[in-house]
J.: 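One structure coming up, written as structure tokens, with questions to follow.
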Amino acid sequence: MDKIYQPAAIETSWYKTWEENNYFAPSGKGEAYSMVIPPPNVTGSLHMGHAFQHTIMDTLIRYQRMKGKNTLWQVGTDHAGIATQMIVERKLANETGQTRHDLGRAAFTDKIWEWKEESGGNITRQMRRLGNSVDWENERFTMDPEFQQSVEEAFISLYDEGLIYRGKRLVNWDPKLQTAISDLEVESKETTGKMWYLRYPLADGVTTDAGDDFIVVATTRPETMFGDTAVIVNPEDTRFASIVGKEIILPLVGRRIPIITDEHADMDKGTGCVKITPAHDFNDYEVGKRNKLPMINVLTFNADIREVGQGFNSDGTVNSEINCFIPEQYHNMERFAARRAVVSEFEALGLLVKIEENNMTVPYGDRGGVVIEPMLTDQWFADAKTLAEPTIKAVENGDIKFVPKQYENMFFSWMREIQDWCISRQLWWGHRIPAFYDASGKVYVAINEAAAREKYSLSADVTLTQDNDVLDTWFSSGLWSFATLGWPEQSDKLETFHPTDTLVTGFDIIFFWVARMMMMSMHLCKDQAGKPQIPFKNVYITGLVRDESGEKMSKTKGNVLDPLDMIDGISLTDLLDKRTGNMMQPQMAEKIRKRTEKEYPDGIPAHGTDALRFTLAALASTGRDINWDMKRLEGYRNFCNKIWNAARYVEMNTDGEDCGQNGGELELSLADRWISSKLQQIEIDVTKHLDEYRLDLAAQTLYDFIWNEYCGWYLELSKPVLWNEEASDAQKRGTRQTLVRVLEVIMRLTHPIMPYLTEEIWQSIKTLAGVEGDSIMLQTFPIANLDKVDTAAEQDIDWLKGVITGIRNIRGEMGISPAKELSILINNGSDSDKQRLADNRNFLMKLASLDNITWLNTGEQAPMSATQLVGDMEVLVPMAGLIDKDAELGRLSKEIEKLAKELGRIEGKLSNQKFVANAPEAVVAKEREKIAQFKAAQEKLVEQHGKIKAL
RNA sequence: AGGACUAUAGCUCAGUUGGUUAGAGCGCUACCUUGACAUGGUAGAGGUCGGCGAUUCGAAUUCGCCUAGUCCUACCA
């Protein structure tokens, strides 16, 4: 073994071995345990968030596999409709200047498939490097023919049940991408806008009670006024009661529109009069439906003003009666230009009353980044309310649990208010909706044209054309948990692995994905008894991985870290290229460059997969975002090195030696019994933490045990046995065996988090440890054996540590070189101290670097010494020639002061009658014991202080 | 506007049912190339647990209010 841990050398080959031997596939034996990966975008690449989630999932699946479960980690990728289409459109524009319309639908989707082939391997390569033990043989892609079929089947059956419908509705429309999007894809941004107060003249010479021949309405979007079809006032509003039922003449257009009453008008807001534009505002749309108002669409699909509006009745049918006139100077005007133009015209006409600054939130498309328009279009919708109902119950009654639990509230509040889900998208990349239309526009839903003809008994002379729209990406990923297992076919796999056990994902897609998967699964999947099947039992919600200053990682900020760069390292030049290359806003490049040069002047060194995974696990406290800390990664890289070197030590001392594999008498030292005893508790703790998704605590437990107990104390304690020529074969055998077996168990305990290092070490020591097997990943997870718990040994070692630490403290504080061998004396020791001293003399001499220990009997005179107390026993280091008087006085004072402070606190407590009366006896007794002990110690130290001072 | 979460050492974070001398890593100080490891070892400094109040014999932990920050949902004619 090399002196320095070199991760790259061991990490590349083991993954290949595992994969080639098909260790990742379900074993077919034991209880099932399954997870699905949240399918990443097929053309994307993994970021730190993925690395984080994949580490958690891989740790869980490796742990369950080692526990003997029949494990499946379902892997695959998502076609990610809008995102992928945008990437390829941009690429096309950059390379040839063409748009997708220049190519046509078929040629363009071919281009996307090409791009998928080209870049789709990226993710899977990264996952392999991260050590993810997914079932590659059953990799799925949401656009695979089988998956496609599942999607169509789901759509058709929901349609046949009346849970999917088509209709003309107001939807969120992205004018840049020219598609409908769902509520969830809209991001609200806070901005300061303006509110314009406009005068609408009353028709027919009517005046208000105040004597005005006009009313005033307020709006933030004047350009939509071309589509106004009513003005409302509150039915209770006496100010306007007299003009209800009268009409106004819409300026610029000349259309007469009615003044009606509706609850929506708030008497205390604005002027109390509200203009209603049902085709361009969600509230107005509702008002329009309630009052059967016509709707006039005045915008084109890219949100310019139309030449003539489109009139509809409130039920969505065409209304050819209504006057849809739009003045010529506005034709094809961009929406914000039109806004300015309308305002100036109102001003010119003397109809602009005032302008107010107005804080408001404006909706933006999360992909296109432009302001969303409510747009009246024909779309497909899913009846989310009906679908949501059983999922709410499933969470309420605990069939599905969220970790951490507070996300359940978030889930409930959304699900109980859920709106119908717009599932059609005007894109080319995705699952084309299996719906066909005849010449009259009548719709037929079936898997293909032939099926449609048969299902609806259509004669051959009816021409059918398929719907041009595709389904929302989340519609298909909503089927992920069961469509990947073969649904709608009732496959064995589906039966074995569904519902899955744990879903690990980010809170940002609880609504997008988690909730949808629950709705889809519970509606479409039934168990044998016909009961709706949940997609998963537990949802582990992870936080976000942020940069060191707590900012979200994003390309535009230039603070993105690629997990592979943590693993393999990257030079500054390459890192700069990566961060500043191919930017949407090149002006940011210089800033990012400076920032990167400052943060990583030498690039990023290699740390290895295991260190990265351990770091992510250690940071994974539930319900909290992670601020990435490069120092932490370094620390855990050092931890890997520590383990590596401990293994080297073990190998050096056991390889070719008798470790008792073939029998022979064994004598275990106190240290051997102690470390074995401690190990049992660690096994219990790690198991508990992993079962409770506390990977951070599991990692912390392992770190502390391995570094401090095993390496820090036990390896040191093994030396006095192994290097002692007087030790017997049985003693050496006992220590060697303990050394190697404990290490072997540690490797298995740690393997789920750090697969590579543990496999490498395990392979080189398995024979010495007397175990057999091809790979650590197929070994059993350690189970505590309580027979090995040895409380006496643990107490003895605590005593030993106390003596050693006491002497080291004197050395440290007094500046005595560690190389200087000391003669110490023991005073006021009990019989058990004497026994312990006799048992542990070797350990003590070696670890405290002593050349002599003298036991003082009662009454024997001790030379002037520095003193450390271990219980009542005094450990004395003679001062002569070694210790400065003032330094020792200082040290003693410090100790005395500490004790005094503590004594004051406890005495206060005990003098409180209420405490003594009310606190449990054990607590009071404990305090009394402490006080006695501290008092005795204090007295001794004070006496010592006095003696030295008198010198 | 409603809700959730967070606030503990210089930094990043643990602290499970109230009783610990409040912990870890990194950083800092001093000393040390001792035969696994300087990606190391030993010792040490550093905290009125955001503020106020309540409950309790006892609060970092429970409750209320406040402050600061993050996020979500809704509304904004």
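Residue numbers start from 1 in every chain, and the chains themselves are labelled A, B, ... in the order their sequence lines are given, proteins ahead of strands.
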J.: Classify the ring geometry of A:F639 against A:Y703: parallel below 30°, tilted from 30° to 60°, perpendicular beyond 60°.
T.: tilted
J.: Parallel, tilted or perpendicular: which fits the ring planes of A:Y407 and A:F507, with parallel below 30° and perpendicular above 60°?
T.: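 Judged by the thresholds at 30° and 60°, the geometry between A:Y407 and A:F507 is parallel.
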J.: Does A:E408 contact B:rA4 through a side-chain donor or acceptor facing the base, at a distance under 3.5 Å?
T.: no
J.: Determine the contact category for A:W196: base if any of its heavy atoms lies under 4.0 Å from a base atom, sugar-phosphate if only primed atoms, P, OP1 or OP2 are that close, otherwise nothing.
T.: nothing
J.: Sticking with atom C1', work out how far B:rC52 lies from B:rA68, rounded to a whole angstrom.
T.: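 My reading of the C1' atoms in B:rC52 and B:rA68 gives 15 Å.
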J.: What's A:P920 touching, base or sugar-phosphate or nothing? Going by heavy atoms closer than 4.0 Å.
T.: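 Answer is base: heavy atoms of A:P920 come under 4.0 Å of a base.
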J.: When you get a sec, tell me which of B:rG35, B:rC57, B:rC37 is the closest nucleotide to the side chain of A:W723?
T.: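 Per side-chain heavy atoms of A:W723, the pick is B:rG35.
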J.: Mind checking A:K898 for me? I need base, sugar-phosphate or nothing, with any heavy atom below 4.0 Å counting as a touch.
T.: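 Nothing, no nucleic acid heavy atom in range.
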J.: For A:R221, is there any backbone N or O sitting under 3.5 Å from a side-chain donor or acceptor partner on A:T219?
T.: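 Checking the backbone N and O of A:R221 against the side chain of A:T219, a donor-acceptor pair under 3.5 Å is found.
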J.: What would the secondary structure line of RNA chain B be in dot-bracket form, counting Watson-Crick and G-U wobble pairs under 3.5 Å, with [ ] for pairs that cross earlier ones and | for pairs with another strand?
T.: (((((((..((((.....[...)))).(((((.......))))).....(((((..]....))))))))))))....
J.: In whole Å, what separates the P atom of B:rG27 from that of B:rC63?
T.: 38 Å
J.: Give A:S849 one of three labels, base, sugar-phosphate or nothing, depending on what nucleic acid heavy atoms sit under 4.0 Å from its own.
T.: nothing
J.: Pick base, sugar-phosphate or nothing for A:R905, based on heavy-atom distances below 4.0 Å to the nucleic acid.
T.: sugar-phosphate
J.: Taking the side chain from A:D625 and the backbone from A:G543, do they hold a donor-acceptor pair closer than 3.5 Å?
T.: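 Such a contact is absent between A:D625 side chain and A:G543 backbone.
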J.: Name the closest nucleotide to the A:V923 side chain, picking from B:rG44, B:rA14, B:rG19.
T.: B:rG19
J.: Would you check if the side chain of A:N559 reaches a backbone N or O of A:K552 as a donor-acceptor pair within less than 3.5 Å?
T.: yes
J.: Expressed as a whole number of Å, how far does the C1' atom of B:rC5 sit from that of B:rG50?
T.: 15 Å
J.: Give a yes or no on whether the backbone of A:L910 and the side-chain of A:R928 come within a donor-acceptor separation of less than 3.5 Å.
T.: no
J.: When we call it a touch if two heavy atoms are under 4.0 Å apart, what does A:R637 touch: a base, just sugar-phosphate, or nothing?
T.: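 Here A:R637 touches the bases of the nucleic acid.
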J.: Pick base, sugar-phosphate or nothing for A:N409, based on heavy-atom distances below 4.0 Å to the nucleic acid.
T.: nothing
J.: Is the backbone N or O of A:S182 less than 3.5 Å from a side-chain atom of A:E185, with the two atoms forming a donor-acceptor pair by type?
T.: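 Side chain of A:E185 to backbone of A:S182: a pair is present.
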J.: Can you tell me if A:N234 and A:E263 form a side-chain donor-acceptor pair at under 3.5 Å?
T.: no
J.: At under 4.0 Å between heavy atoms, what does A:S413 touch on the DNA or RNA strands: base, sugar-phosphate, or nothing?
T.: nothing
J.: Counting side-chain heavy atoms from C-beta on, which of B:rC26, B:rC32, B:rA14 comes nearest to A:S621?
T.: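 Nucleotide nearest to A:S621's side chain: B:rA14.
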J.: Just checking A:A646: base, sugar-phosphate only, or nothing, at a heavy-atom cut-off of under 4.0 Å?
T.: base
J.: Quantified in whole Å, what is the C1' atom distance between nucleotide B:rA9 and nucleotide B:rC66?
T.: 26 Å
J.: In whole Å, measure the gap between the C1' atoms of B:rU20 and B:rA60 for me.
T.: 12 Å
J.: Base, sugar-phosphate, or nothing for A:L697, non-hydrogen atoms under 4.0 angstrom?
T.: sugar-phosphate
J.: Base, sugar-phosphate, or nothing: which does A:K901 touch, judged by heavy atoms less than 4.0 Å apart?
T.: nothing
J.: Stacking between A:F639 and the base of B:rG25 (centre distance under 5.5 Å, interplanar angle under 30°)?
T.: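 Taking the rule of under 5.5 Å and under 30°, the ring of A:F639 does not stack on B:rG25.
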J.: Between B:rG15 and B:rA7, how far is it from one C1' atom to the other, in whole Å?
T.: 15 Å
J.: Using a 4.0 Å heavy-atom cut-off, does A:S817 contact any base of the nucleic acid, only the sugar-phosphate backbone, or nothing at all?
T.: nothing
J.: Under 4.0 Å, heavy atoms only, any strand: does A:R648 hit a base, just the sugar-phosphate, or nothing?
T.: sugar-phosphate
J.: Give me the distance, rounded to whole Å, that separates B:rU6 from B:rA14 when you measure between the C1' atoms they each carry.
T.: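 These two C1' atoms come out 15 Å apart once rounded.
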J.: Say whether A:N627 and A:D547, considering side chains only, have a donor N or O and an acceptor N or O under 3.5 Å apart.
T.: no
J.: Using the P atom on both, measure B:rU16 against B:rU61 and round to a whole Å.
T.: 11 Å
J.: By the 4.0 Å heavy-atom rule, please label A:D266 as base, sugar-phosphate, or nothing.
T.: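 A:D266: base contact, heavy atoms under 4.0 Å.
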